[in-house]
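Remember, it's 1-based here, ligands and their atoms both numbered in the order they're listed. This chain uses plain numbering: 1 for the first residue, then up along the sequence.
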Amino acid sequence: MEKKNLDWGNLSFEYQRTDYSYVCNYHDGAWEEGGLTTDHTVTISECAGILHYCQECFEGLKAYTTEDGSIVCFRPDLNAKRMASSEKRLIMPEFPEDKFVDAVKQVVKANAAWVPPFGSGATLYVRPLMFATGEVIGVKPADAYQFRILVTPVGPYFKGGCKPIDICVSEYDRAAPHGTGNIKAGLNYAMSLYPYMVAHHNGFNENLYLDSETRTYVEETGGANVLFVDKSGTLVVPKSFTDSILPSITRRSLVYVAENMLGMKVDERPVKFSEVENGDFVECGLCGTAAVISPVASITNEGKKTTFPAGCDEMGPVMTKLRGTLTDIQSGKVAGPEGWICKIC
Ligand code: PLP
Ligand code: COI
């Protein structure tokens with residue numbers, strides 16, 4: 001199969017249409033069979049639930065070309081599970097987890113020519129989403145939904161690739177206190193756009209949220225979890241006592257890799273922002289499907305800038321090792337734990 005003629009090494013994180021999407025509708029209490037479509041548009045009623053009460057959730061994963069030319073994706077079963085918990089919280093019908101993985105396989109296989117070649121640094125981003133199509137005017141869950149998957153080839157999420165970025169603490173809370181941040185719902189992201197724009201306006205690449213109740217503990221950024229490395233080399237992973245950090249699949253995988261493959265000490269615990277300002281950490285990184293691991297050079301809070309000495313000008317040694325091991329597993333260069341790699345074709 002011949003790949004599309006794209007400048008794979010210079011892709012940015014932008015949408016471009018590919019050949020196929022996947023679509024499946026829910027009505028009268030059941031999901032249809034579902035299948036591939038070449039129609040990349042959606043026509044819905046002006047009274048559809050998504051347009052009024054924002055019943056929508058989504059997922060994000062990637063497909064990779066391995067050295068031998070196969071196409072694989074990374075732990076799609078965990079995306080299926082997390083999507084199911086988002087659906088449950090939003091009173092949407094559950095899209096069966098095995099049907100989810102099968103749909104990912106179908107749509108990636110059909111778009112094989114769009115999966116960036118091995119070694120190009122680019123990947124195929126896979127975006128499953130579900131939204132209420134049924135009409136509602138009073139506040140209540142709709143009775144019809146659409147599940148779709150679109151795919152699009154992407155480069156690095158942050159411009160500059162692996163160059164450390166500067167971020168700031170957000171003055172605003174996310175719309176995701178007390179457990180609602182652990183679902184991937186569009187409404188959480190809509191409410192994060194204002195603080196995101198404020199951060200960008202002030203020259204930062206991203207904004208970091210503190211816990212909304214006490215504004216004391218580190219939570220996560222708009223699109224990624226946060227990791228720190230302390231002076232003893234321990235990987236310190238912020239844990240939310242209000243359960244409002246999205247359970248990142250990348251972060252959970254990195255914790256396993258650090259402990260079991262790299263022999264590192266990992267400490268998952270609530271992290272006070274004062275520890276950052278005290279200079280307790282030598283490296284910081286943002287992790288997620290889109291972010292992979294993006295190193296952080298500095299965090300600014302109310303005009304006070306804290307830098308991470310071991311990862312300021314270029315990615316620090318621990319983040320480099322973690323990123324290298326993770327991407328080697330994802331691209332099939334290094335064997336990961338059983339079940340992490342899902343072969344598509
Ligand atoms: N946190 C937020 C708010 C996100 O949007 C994402 C992206 O999915 C992540 C964290 C990282 O999660 P994952 O590693 O599963 O992509
Ligand atoms: C992902 O990493 O898949 C996300 O959904 C985050 C978003 C910022 C692109």
Side-chain angles (χ1 to χ4, degrees), residues 11-15 56-64 73-86 89 100 104 122-130 149-159 165 167 170 172-177 179-193 195-197 199-200 205-212 218-227 237-240 242-258 268 285-294 296 322-323 326-327 329-330 336 340 342:
L11 293 180
S12 54
F13 202 90
E14 300 288 342
Y15 171 68
E56 190 268 359
C57 61
F58 68 99
E59 270 303 323
L61 67 157
K62 283 174 171 172
Y64 310 82
C73 63
F74 185 67
R75 311 188 77 179
D77 51 319
L78 296 192
N79 294 97
K81 257 200 178 61
R82 191 171 61 190
M83 183 100 173
S85 66
S86 299
R89 182 63 178 78
F100 178 106
V104 168
T123 51
L124 187 77
Y125 188 71
V126 179
R127 171 56 62 86
L129 65 152
M130 192 199 289
I149 306 179
L150 66 87
V151 301
T152 190
V154 293
Y157 186 66
F158 293 107
K159 285 189 192 75
I165 56 171
I167 69 174
S170 180
Y172 303 90
D173 292 331
R174 287 197 298 167
T180 54
N182 66 15
I183 58 167
K184 256 178 103 63
L187 59 94
N188 287 338
Y189 295 80
M191 295 307 284
S192 76
L193 295 177
Y196 169 89
M197 289 310 287
H200 278 252
N205 300 86
E206 238 322 350
N207 56 327
L208 174 74
Y209 295 100
L210 302 182
D211 79 278
S212 57
V218 172
E219 293 222 314
E220 62 174 326
T221 65
N225 282 182
V226 183
L227 304 171
V237 182
K239 197 168 162 172
S240 168
T242 55
D243 199 18
S244 48
I245 297 177
L246 189 83
S248 158
I249 295 162
T250 315
R251 183 249 297 166
R252 286 180 274 162
S253 305
L254 285 167
V255 164
Y256 183 92
V257 164
E268 292 191 71
L286 307 182
C287 73
T289 299
V292 192
I293 297 184
S294 300
V296 174
L322 283 169
R323 186 184 161 109
L326 178 72
T327 53
I329 293 171
Q330 290 169 333
W340 279 22
C342 169

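- Here R127 has side-chain heavy atoms under 4.0 Å from ligand 2, and that is the only part of it that gets that close.
- Considering both main-chain and side-chain atoms, I249 comes within under 3.5 Å of ligand 1 through a nitrogen or oxygen pair.
- How far CG of N225 is from NZ of K239: 13.5 Å, rounded to the nearest 0.5 Å.
- Checked by atom type and distance alone, the side chain of T123 never pairs as donor or acceptor with a backbone atom of Y125 at under 3.5 Å.
- In terms of polar-atom proximity, R251 is not counted as a contact of ligand 1, lacking any N or O under 3.5 Å from an N or O of the ligand.
- Atom 16 (O) of ligand 1 has T289 OG1, 2.5 Å as its closest protein atom, hydrogens excluded (heavy atom only).
- Residue F158 holds its CZ atom at 7.0 Å from CG of N205, rounded to the nearest 0.5 Å.
- Heavy-atom minimum distance, L124 versus V151: CD2-CB, 3.7 Å.
- Atoms of ligand 2 lying under 4.0 Å from at least one heavy atom of G223, given by number and element, are 6 (C), 8 (C).
- Taking every non-hydrogen atom of G222 and a distance limit under 4.0 Å, the qualifying atoms of ligand 1 come out as 3 (C).
- P128 pairs in a side-chain contact (heavy atoms from CB on, under 4.5 Å) with only one of the listed residues (N79, L61, L150), which is L61.
- One distance of note links CG of N182 with OG of S248; it measures 13.0 Å at 0.5 Å rounding.
- Considering CD of E219 and OH of Y209, their distance stands at 10.5 Å, rounded to 0.5 Å.
- Atom 3 (O) of ligand 2 has its closest protein heavy atom at Y125 OH, 2.5 Å.
- For ligand 2, the atoms closer than 4.0 angstrom to any heavy atom of K184 are 4 (C), 5 (O).
- Residue contacts with ligand 2 do not include Y189, since none of its heavy atoms lies under 4.0 Å from the ligand.
- Proximity of A224 to ligand 1, defined as any heavy-atom pair under 4.0 Å, is confined to the backbone N, CA, C and O atoms.
- On a distance-only criterion, A290 and ligand 2 share at least one N/O pair closer than 3.5 Å.
- Counting heavy atoms under 4.0 Å from ligand 1, residue N225 touches it through both backbone and side chain.
- Results of the salt bridge (charged side-chain N to carboxylate O under 4.0 Å, His left out) test with E59 over R127, K81, K184, R82 single out R82 as the only residue that passes.
- In this structure, CG in L246 is found 9.0 Å from CG in N188, a value given to the nearest 0.5 Å.
- At the shortest separation from atom 7 (C) of ligand 1 among protein heavy atoms lies K184 NZ, 3.2 Å.
- Interface atoms of ligand 1 facing E220, defined by a heavy-atom separation under 4.0 Å, are 1 (N), 2 (C), 3 (C), 10 (C).
- Atom numbering of ligand 1 starts at 1 in the shown order; those under 4.0 Å from a heavy atom of Y189 are 2 (C), 3 (C), 4 (C), 5 (O).
- Using a 4.0 Å cut-off to heavy atoms of R82, the atoms of ligand 1 that qualify are 12 (O), 13 (P), 15 (O).
- Distance OG1/T221 to CD1/I245: 10.5 Å, rounded to 0.5 Å.
- For atom 8 (C) of ligand 2, the nearest non-hydrogen atom of the protein is Y157 OH, 3.2 Å.
- Taking atom 6 (C) of ligand 1 as the reference point, the nearest protein heavy-atom neighbour is G223 O, 3.3 Å.
- In terms of heavy atoms, S85 sits closest to I183 at O-CG2, 4.0 Å.
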